[in-house]
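Just below is one structure, and these are the notes that go with it.
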Amino acid sequence: LLQKRLRHFCRRNTSDYFIHKDLRGFLTRELEFYIKDQVIHLMDLKGDLDAKRRVVRTFRKLAEKLIDFLAIIENAQKTLFEKKKFVLETDYLIPIRHVPREFWREILDNQVQLAEWRQWLAIEPQNDLFNQEGTFNEAFLEAHPTLPLHTKHFDRDFVRRLLEALPFDDLDEATDGLLVHGENYQALQLLLERYRQQVKCIYIDPPYNTGSDEFIYKDRYQHSSWLAMMEERLRVAKDWMQEDGVIFVSIDDGEQARLYQLMENMFGIENFVNNIIWQKKYTRANDARWFSDNHDFVLVFAKNKHVFSPVLLPRTKEQEKAYSNPDNDSRGPWKATPLHAKSGSVHSFTYTFANGVVWSPPPGTYPRYSVDTLKKLESENRIWFGPDGKGVPVRKTFLSETREGVVPVTIWPYNEVGHNHEAINELKALFPENLYPTPKPTRLIARVSYISGEGILLDFFAGSGTTGHAVINLNREDGGRRKFILVEMGEYFDTVLLPRIAKVMYTPEWQDGKPKRVPTPEEAERTPRLVKILRLESYEDALHNLAAPSTLEYVAKHEEAYKALAGEEAYHLRYWIELPLNVAETCLRTLDLAHPFDYKLEILSDEGPVHKPVDMLETFNYLYGLRVKHYETWCNPDDGNREYRVVKATDRDGKRRILILWRDMADYDPETERTFLAAKIAEMQATGDVWD
């Protein structure tokens, strides 16, 4: 704990979210300005000009070496920061109803999985109303179809066999949720090729930069650092959005104006939709020094406002009460619409209806309809004169002829979309110990998701996982198939976000950390089919890998050769940092791909540096933007049962069918492989299973 606090203190006082993308160019321009404004300016130009030129040349030469030195260091950091990160672990949450029965025995024998069910889902078979056996058994699994299997607790061979046996023709399409544990910029970069122009809606609740939140910055750079952090993430996220996509960003008064300017610059003023006011509290704070802060903002920008169209909200019961049918019209309920308007160009107007009623607009108003239109409305029995037939005429606007819902407004009151206290209570129902301090209410995110339309919802400041919770709830309510992608790097990922998604997959209603009921068959059917969990290499891991023993060993072995080739000075200015960068495992040493299943990185953990295997298949799937349809394993009996991990996929747009084969190349014989693969491919083609 002490080490963790010290690390946090050091990061808070030394870290910044800014790596200069062109430090050499910036410092070179500053050097020229400094020489012209300071060095030459301070000299007496009437003196020895040759001497002054020598001073300038010497100063420039020294400065250029220093610039070169600093730029190399910054470029190395930029390379590590910008490089696509490895996927270190891939797991799934899979409802037991989708797990083939032949795997159930192995699952029931896995005590770690059973312990997690007890801990996360508060399940004890002997106390469960739906299981009279008093133990975990196949009958219990059958009675709990939404019980989420967590593949983390099983060996990789089990996971491989399970993925290949799942009852889905398209694994990518069946993956309804993606949880990514990693720094959000790194995650956005790695997954970009897969999700480029695929996301319908982005909702984020970034740190508000209040000084009390988790945003780490140098105090004197507070606003610029926060904006730099937001800018680079929003710039990548924009490339994820469909042409009719939309982004919602929660923010408070402190950074709202600056964030608006940033987003206006990025999306264009023509794509600004609205600045929504969310009433986040239902009481006033009488101890506030100036005003009781009862609202936050939600900034809304479209990718292309001309093609974005929000889904209409369902009418509330109160809104439907405005429609009635006092005259028993066969066309159904209607509401009265006045015949006058507040503006117009006709200043004098009178109309006499067939029943003798003479109508003129009230003083200061104008006729809404022309004489011809009023005649047509009257002939169609669309004018109402009150119960006695002599009242002020109005138009009958029928509910059946109006739009299916109502246009969203820009003020969202707490009674419609929830408030902060409701959000805390929602989380306490799942986690009585209340592990997360500032959640958002699920109703707020549900409204965002609903009006955005069907598709993928991305949240790369996922926090406690409210966005995933809201999407799951909404799908269960209306039968939608919305998908979610959540990215979070904090410790809340494992303590709150992941167990929260597992809990909500299991059942929608909780109290005091315990499930209140088993979901209905309809809710079980609408539960996410697969939720995928990725854990990514971090920027800190990449930095650490430069000092890993394997890297240092290579550098020590070749250091003298580089010095002899380039010279001592050039080595210390350039190659001392570039050499480890070129050979570090984090930068993917090509020769090591001969053994793709054994590729490992030395990364930092709470227990110190550890070697972790890299999931090379998943890493490359995302690098190439593949949509995985199916996994298979082939074995070549003529080559010592050499295993081939087979990925059947399409490109991002689903137009190309792509076959990828992975194998270890130890004792590799091309002729033996060619014979085996030719037979396998011919066998596939004979059944119409054709791939590029």
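Numbers here simply count residues along the sequence, with the first being 1. Basis for what follows: all heavy atoms, side chains included, without hydrogens, waters or symmetry-related copies.
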Have T175 and R529 got a donor and an acceptor in their side chains that come within less than 3.5 Å?
no
Could you tell me whether the side chains of N265 and E231 share a donor-acceptor contact shorter than 3.5 Å?
no
N-O pairing of [X] and [Y] below 4.0 Å:
{"X": "E537", "Y": "K84", "result": "no"}
{"X": "E509", "Y": "R517", "result": "yes"}
{"X": "R535", "Y": "D494", "result": "yes"}
{"X": "E525", "Y": "R97", "result": "yes"}
{"X": "R235", "Y": "E232", "result": "no"}

Which value, rounded to the nearest 0.5 Å, describes the distance between [X] atom [atom1] and [Y] atom [atom2]?
{"X": "Q189", "Y": "L191", "atom1": "CD", "atom2": "CG", "result": "10.0 Å"}
{"X": "T90", "Y": "L534", "atom1": "OG1", "atom2": "CG", "result": "5.0 Å"}
{"X": "I472", "Y": "R526", "atom1": "CD1", "atom2": "CZ", "result": "14.5 Å"}
{"X": "L430", "Y": "L121", "atom1": "CG", "atom2": "CG", "result": "10.5 Å"}
{"X": "T146", "Y": "Y506", "atom1": "OG1", "atom2": "OH", "result": "6.5 Å"}
{"X": "T527", "Y": "N475", "atom1": "OG1", "atom2": "CG", "result": "9.5 Å"}

Using ring pair (Phe, Tyr, Trp, His ring centres under 6.0 Å) as the criterion, point out the one residue from W120, Y92, W117 that pairs with H150.
W120
Residue pair V99, I107: steps toward the side chain to side chain contact (heavy atoms under 4.5 Å, CB included) verdict
CA-CA 10 Å; V99 177; I107 295 168; 3.8 Å; yes
Sorted by chain and number, sequence neighbours left out, ring-ring contact (aromatic ring centres under 6.0 Å, His included) with F168 holds for H98
Run the ring-ring contact (aromatic ring centres under 6.0 Å, His included) test against F297 and tell me which residues pass, sequence neighbours left out.
H295
Does [Y] offer a backbone N or O that forms a donor-acceptor pair with the side chain of [X] under 3.5 Å?
{"X": "R627", "Y": "R652", "answer": "yes"}
{"X": "N110", "Y": "V112", "answer": "yes"}
{"X": "T495", "Y": "E491", "answer": "yes"}
{"X": "K303", "Y": "M241", "answer": "yes"}
{"X": "R258", "Y": "G254", "answer": "yes"}

Please name the pair of heavy atoms, one in [X] and one in [Y], separated by the smallest distance, quoted to 0.1 Å.
{"X": "I501", "Y": "F484", "value": "CG2-CZ, 4.4 Å"}
{"X": "N184", "Y": "V487", "value": "CA-CG1, 3.7 Å"}
{"X": "P439", "Y": "A423", "value": "O-CB, 3.5 Å"}
{"X": "A462", "Y": "L497", "value": "CB-CD1, 3.6 Å"}
{"X": "S449", "Y": "L474", "value": "OG-CD2, 3.8 Å"}
{"X": "L192", "Y": "V236", "value": "CD1-O, 4.2 Å"}

Show me the pairs that pass side chain to side chain donor-acceptor pair (under 3.5 Å) and involve residues 405-418, at least two apart or across chains.
E416-R447
Residue pairs involving residues 451-466 (criterion side chain to side chain donor-acceptor pair (under 3.5 Å); sequence neighbours excluded)
D459-T467, S464-T466, S464-R500, T466-R500
Check against side chain to side chain contact (heavy atoms under 4.5 Å, CB included), I96 and H144:
CA-CA 8 Å; I96 203 69; H144 296 73; 5.5 Å; no
For Y539 and Q77, run side chain to side chain donor-acceptor pair (under 3.5 Å): C-alpha distance rounded to whole Å, both residues' side-chain angles, the deciding distance at 0.1 Å, then the answer.
CA-CA 9 Å; Y539 174 60; Q77 293 189 77; 3.3 Å; yes
Does some side-chain heavy atom of [Y] sit less than 4.5 Å from a side-chain heavy atom of [X]?
{"X": "I533", "Y": "L498", "answer": "yes"}
{"X": "K516", "Y": "W510", "answer": "no"}
{"X": "M263", "Y": "F272", "answer": "no"}
{"X": "I204", "Y": "L234", "answer": "yes"}
{"X": "L427", "Y": "V496", "answer": "yes"}
{"X": "K600", "Y": "V614", "answer": "no"}
{"X": "H419", "Y": "Q279", "answer": "no"}
{"X": "V180", "Y": "L178", "answer": "yes"}

Residues in side chain to side chain donor-acceptor pair (under 3.5 Å) contact with [X], at least two apart in sequence or another chain:
{"X": "D244", "answer": "Q242"}
{"X": "S250", "answer": "Y203"}
{"X": "Q113", "answer": "none"}
{"X": "E264", "answer": "Y260"}

I would like to know whether S538 and D541 meet side chain to side chain donor-acceptor pair (under 3.5 Å); could you show each step before the answer?
CA-CA 5 Å; S538 70; D541 292 332; 3.0 Å; yes
Could you give me the CA-CA distance, side-chain angles and deciding distance for K532 and E618, then say whether salt bridge (charged side-chain N to carboxylate O under 4.0 Å, His left out) is met?
CA-CA 11 Å; K532 193 174 186 178; E618 283 295 335; 2.9 Å; yes
Only pairs at least two apart or in different chains count here, so list each ring-ring contact (aromatic ring centres under 6.0 Å, His included) that has a residue in residues 451-479.
none
ring-ring contact (aromatic ring centres under 6.0 Å, His included) pairs, two or more places apart, involving residues 174-197:
F81-Y185, H181-F493, Y195-W240
What residues, two or more places apart in sequence or in another chain, satisfy salt bridge (charged side-chain N to carboxylate O under 4.0 Å, His left out) together with K85?
none
Salt bridge (charged side-chain N to carboxylate O under 4.0 Å, His left out) evaluation trace for E183 with R233
CA-CA 11 Å; E183 200 276 331; R233 285 151 183 78; 2.4 Å; yes
If you look only at pairs with a residue in residues 146-156, which of them pass as a salt bridge (charged side-chain N to carboxylate O under 4.0 Å, His left out), with sequence neighbours excluded?
D91-R156
Under 6.0 Å between the ring centres of F158 and F103?
yes
